[in-house]
Peer 1: 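I have a structure here, written as structure tokens, and I will follow up with some questions on it.
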Amino acid sequence: MGVVLDAMSAPPTLRAAARILGWPFKWLGYKGDPAMPPVTRALTALGPAYIKFGQILSTRPDVVGADLALQLQVLQDKLPPFPIAEAKKTVAAELGQPVEAIFSEFSEPVAAASIAQVHHARLAENGRDVAVKVLRPGIEKAFRKDIDAFYFAADMIELLSPASRRLRPRDVIEHFEGVVLGELDLRMETAAAAEFAANTEGDEGFRVPQVVWNLCGRRAMTLDWAEGIPLNDLVAIDAAGHDRRKLAGRVLHLFLSHALRDGYFHGDMHQGNLKVAANGDLIALDFGIMGQIDEYTRRVYAEILFGFIRKDYHRVAEVHFEAGYVPKDRDMDAFARALRSVGEPIFGLDASRVSMGRLLNHLFEVTERFGMETRTELILLQRTMVVVEGVARSLDPNMNIWRMAQPVVEDYIKTNIGPRAMLNDLRKTARVVARYGPRLPDLVDAALSGTSDQPPRKSGLRAWQALGFMALGGGLVGAGVLLAGLL
């Protein structure tokens, strides 16, 4: 813990608190593998949930330092595997046949992470190259233990630090628990991979391996083998002649496109889950954690990004207040100035000149000053944005995130905010109204004739509701025609 806090330049008070709180529990710790560096050894020994935290840190050398980030990359896909005999036993139990009857070849593990490991295999019936993902034995119990420990820690934090309650630590752990439970059922990951592939089919320079549906179960799944260079192997990427600057831009563009356009994005985009194919395509792997955001949240997110890009801090502040991210009793103008103090020092600078540690510390101070609570529905989006930016930085240390994001955000704004978006909203509402069209005359007739089972006052109310509904439908059609003419 001390090494991580030192690397992140944590305040002295936080370091002292961590040592005091951690000292009574030292005797409960695991020794871990002495061949590993201290932090990697500690996170691996603690359990799979802690490894997830280490994977995030591994994408941010600008926060924890280049040496520690490199050490933590082991957690992405190079953890100690479990025996191949155990993997074959799991696959046979899930698919109802011996491994030898399904696959003509089944390799030793080629990648191993906190939840599962992957084997390269070949289908016996047609020689198709596939990857077989198998959950670790006992992983459910291990995660349950970690989650229980996190709940205990969250309760202690809320008890000892009332100021931390705005961060809603228990709600954060509850959100994390929901994400993890989905990751422990590979049937859900199979469905997520298929949906993600369908959404992104037209994305140039991006691929999602095809799922082999009949060879997937709760603890094992099969999909096409993806040949490529992992995005953390910069030496191999350079040797293959790939343009790292273009790759960095593509990683960021694709994430923003998926989040804004589809509202469905890869929620675990560290380097271990991304490869670059020989032709330069990005290949995504591991779909256990997927993020989903509704249309309203997408518009809020886009307006905030667009406001920062245009340096319109007052509009960014307005969006925060409109969305309820900042309490109504706070000063909007003061919040706009605080946002300017965050944005101006980094705008136009490349990544190598921005201290992410200092920036995150400043952002935390701003959120504390204006009483902003944690929004659990945005946790995965925010976390993925941090990881994606870290991956892009690792490929191109001189990238400018605002310049890269601008085309994607502007394109979304043009389509989804303004008159065209209003027309689309009216069309959707009109479709909903149209579903009730055949029932409207009967509803009005029953309400006006008093044959309703409701008391007279409520019958009258229903009549007004029905008539209002019809008027709304007519108004929507008229407004739609007017907007269509204007556009």
Peer 1: Quick one: sort the F206 and H258 rings into parallel, tilted or perpendicular, breaks at 30° and 60°.
Peer 2: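 The arrangement is tilted - the two ring planes meet at 30° to 60°.
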Peer 1: So, R383 and D268, do they make that salt bridge, N to O below 4.0 Å?
Peer 2: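 Yes, this pair counts.
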Peer 1: Kindly indicate whether the side chain of I115, heavy atoms from C-beta on, has any atom under 4.5 Å from the side chain of F143.
Peer 2: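 When only atoms from C-beta onward are counted, F143 and I115 do touch, with a gap below 4.5 Å.
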Peer 1: Give a yes or no on whether a salt bridge exists between R298 and E303, defined as a side-chain N under 4.0 angstrom from a carboxylate O.
Peer 2: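 Not counted as a salt bridge, because no side-chain N and carboxylate O are separated by less than 4.0 Å.
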Peer 1: So do the side chains of V251 and L231 get within less than 4.5 Å of each other, counting heavy atoms only?
Peer 2: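 Counting from C-beta outward, V251 and L231 do come under 4.5 Å.
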Peer 1: CZ of R250 to CG of L282: how many Å apart, nearest 0.5 Å?
Peer 2: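 Taking CZ in R250 and CG in L282, the distance rounds to 5.5 Å.
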Peer 1: Which class fits the ring pair H120 and W225: parallel under 30°, tilted 30 to 60°, perpendicular over 60°?
Peer 2: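 Parallel.
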Peer 1: Does the distance from a Lys or Arg side-chain N to an Asp or Glu carboxylate O, for D286 and K133, drop under 4.0 Å?
Peer 2: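 Looking at K133 together with D286, the answer is yes, because their closest N to O distance falls below 4.0 Å.
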Peer 1: Under 4.5 Å between any side-chain heavy atoms of M404 and M399, yes or no?
Peer 2: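 The answer is yes; the side chains approach within 4.5 Å.
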Peer 1: If you define the side chain from C-beta out and look only at heavy atoms, does anything of V316 sit under 4.5 Å from F306?
Peer 2: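 No. Closest side-chain heavy atoms not under 4.5 Å.
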Peer 1: Please report the interatomic distance NE2(H242) to CG(L234), rounded to the nearest 0.5 Å.
Peer 2: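 That separation rounds to 12.0 Å.
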Peer 1: Does a salt bridge link E410 with R310, judged by any charged N lying under 4.0 Å from a carboxylate O?
Peer 2: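 The answer is no: the pair does not qualify as a salt bridge.
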Peer 1: Measure from the side-chain N and O atoms of R393 to the backbone N and O of N398, and report whether any donor-acceptor pair falls under 3.5 Å.
Peer 2: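 No.
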Peer 1: Using modelled atom types and a 3.5 Å cut-off, is there a donor and acceptor pairing between side-chain atoms of Q117 and backbone atoms of L135?
Peer 2: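 No; zero donor-acceptor contacts below 3.5 Å.
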